[in-house]
There are 2 protein chains.
Amino acid sequence: MQAKKTRQRDAIRAALEAAGRPLSTEEVLSSAQRQVEGLGIATVYRNVRSLVDEGWLVTVELPGQSPRYELSGKGHHHHFQCNCCGLVYELHGCVGSFRNVIPRGFLVTEHEVLLYGMCGGCRSTGHAKG
Amino acid sequence: MQAKKTRQRDAIRAALEAAGRPLSTEEVLSSAQRQVEGLGIATVYRNVRSLVDEGWLVTVELPGQSPRYELSGKGHHHHFQCNCCGLVYELHGCVGSFRNVIPRGFLVTEHEVLLYGMCGGCRSTGHAKG
DNA sequence: CTGCGTGCAAATGCTTTGCAAAGAC
DNA sequence: GTCTTTGCAAAGCATTTGCACGCAG
């Protein structure tokens, strides 16, 4: 079942395309509301879900936080969260290996790496470390 | 303010000590209920929180999942989740480095590594990969 | 005894769902 | 015109909180 083209759906996709980083549902809402006034949060949830189901978005989950969403098709990568501004950035490349930590008899099929610290912007503007 | 010793609190600590792996609130509840019938979920939440505040427990968060809790004092380590049985295991040691993925100007202060796959038990009992 | 800790039930916060009206095709 | 999508409000879930009672110290 192909989703219909609506102003709301277009605004939601535009918000995610423009961001260049993973956005939370609330971030999508406030960004898309600049194009479609009165846009409801339920519509954002519904469209984000359908965009994930279609494979246009992928879910980015950080431990203990609400999910974020980014455009799919970026290949294998990981994320960095700034402790200061809270933004999540995409990292390119991947860590070496973790062969040395895998218990005998275990099979590793996927992995996730999350880095935290301070982004270039926060460092250069002299914000205190959050 | 030191917490009082109660049957409920003892049972909750015993459950976590006996597990040897991170437990969810529900897992703590069902395990501790074997010692204290009628134990309420709110009591588990309250005690787990206070044990974390005291530093006796640490929170283990996997993306998109409810928090788990494990005894503190184990030093730096990461976790492995079996896609088959869902259990979370502690890993010893740490990955090499991720210097090559850090953007210029960023400062990394913490990191998290999560591995997923199939544990030794599930592999040897021939369960299908989940 | 005094007061903290417990169990229950109500409240909370985020996400999902039901439904009538609006919009896409 | 028909059928999907939307916005609102209500429903769900996991977690937290308020309160009266019971147990620890």
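A, B, ... follow the sequence lines: proteins, then strands. Residue 1 opens every chain.
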Polar-atom pairs under 3.5 Å, protein N or O versus N or O of nucleotides 23-25 of chain C: list them with distances, or write none.
unit_1, atom_1, unit_2, atom_2, d
dA24(C), O3', K5(A), O, 3.4

Distances under 3.5 Å only, N/O to N/O: pair up the protein atoms with those of nucleotides 17-20 of chain C.
unit_1, atom_1, unit_2, atom_2, d
dG18(C), O6, R46(A), NH1, 3.3

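Sorted by first and then second residue, the salt bridge (Lys or Arg N to Asp or Glu O under 4.0 Å) pairs with a member in residues 64-90 of chain A read K74(A)-E90(A); sequence neighbours excluded. Pairs of residues two or more places apart, or lying in two chains, that qualify as salt bridge (Lys or Arg N to Asp or Glu O under 4.0 Å) and include a residue from residues 21-43 of chain B are R21(B)-E27(B). Under the salt bridge (Lys or Arg N to Asp or Glu O under 4.0 Å) criterion, no residue pair touches residues 94-103 of chain B, with sequence neighbours excluded.
Note: H111(A) and H78(A) have tilted aromatic rings, judged against thresholds of 30 and 60 degrees for the angle between ring planes.
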Applying side-chain contact (heavy atoms from CB on, under 4.5 Å), run through C122(A) and C85(A) and close with a yes or a no. CA-CA 7 Å; C122(A) 284; C85(A) 63; 3.7 Å; yes

Check step by step if side-chain contact (heavy atoms from CB on, under 4.5 Å) holds for M118(A) and T109(B). CA-CA 8 Å; M118(A) 195 177 297; T109(B) 56; over 6 Å; no

Between E54(B) and R9(B), is a salt bridge (Lys or Arg N to Asp or Glu O under 4.0 Å) present by the stated rule, with each step listed? CA-CA 13 Å; E54(B) 291 169 18; R9(B) 189 176 179 89; 2.6 Å; yes

Should Q81(B) and L114(B) be marked as a side-chain contact (heavy atoms from CB on, under 4.5 Å) after you check the CA-CA gap, both sets of side-chain angles, and the distance that decides it? CA-CA 8 Å; Q81(B) 182 171 40; L114(B) 296 157; over 6 Å; no

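Contact annotation: Q8(B) side-chain N/O to dG7(C) OP1/OP2 distance is under 4.0 Å.
The interatomic distance linking Q65(A) (CD) with dC14(C) (C1') rounds to 15 Å, in whole Å. For the pair E61(B) CD and dA14(D) C1', the computed distance is 14 Å after rounding to whole Å.
Both L29(A) and L23(A) belong to a common hydrophobic cluster when Ile, Leu, Val, Met, Phe, Trp and Tyr are linked at side-chain heavy-atom distances under 4.5 angstrom.
As judged by a 4.0 angstrom heavy-atom cut-off over every strand, I41(B) is placed among residues making no nucleic acid contact. Residue-level contact check: S66(B) touches the backbone only, with heavy atoms under 4.0 Å from sugar-phosphate atoms and none from bases.
Within a heavy-atom distance below 4.0 Å of DNA chain C, no residue of residues 9-16 of chain A is found.
For the pair A15(B) and V28(B), the tightest heavy-atom approach, listed with the atom from each and the gap, is CB-O, 4.3 Å.
Between the side chain of R123(B) and the main chain of G105(A), a donor-acceptor pair closer than 3.5 Å is present.
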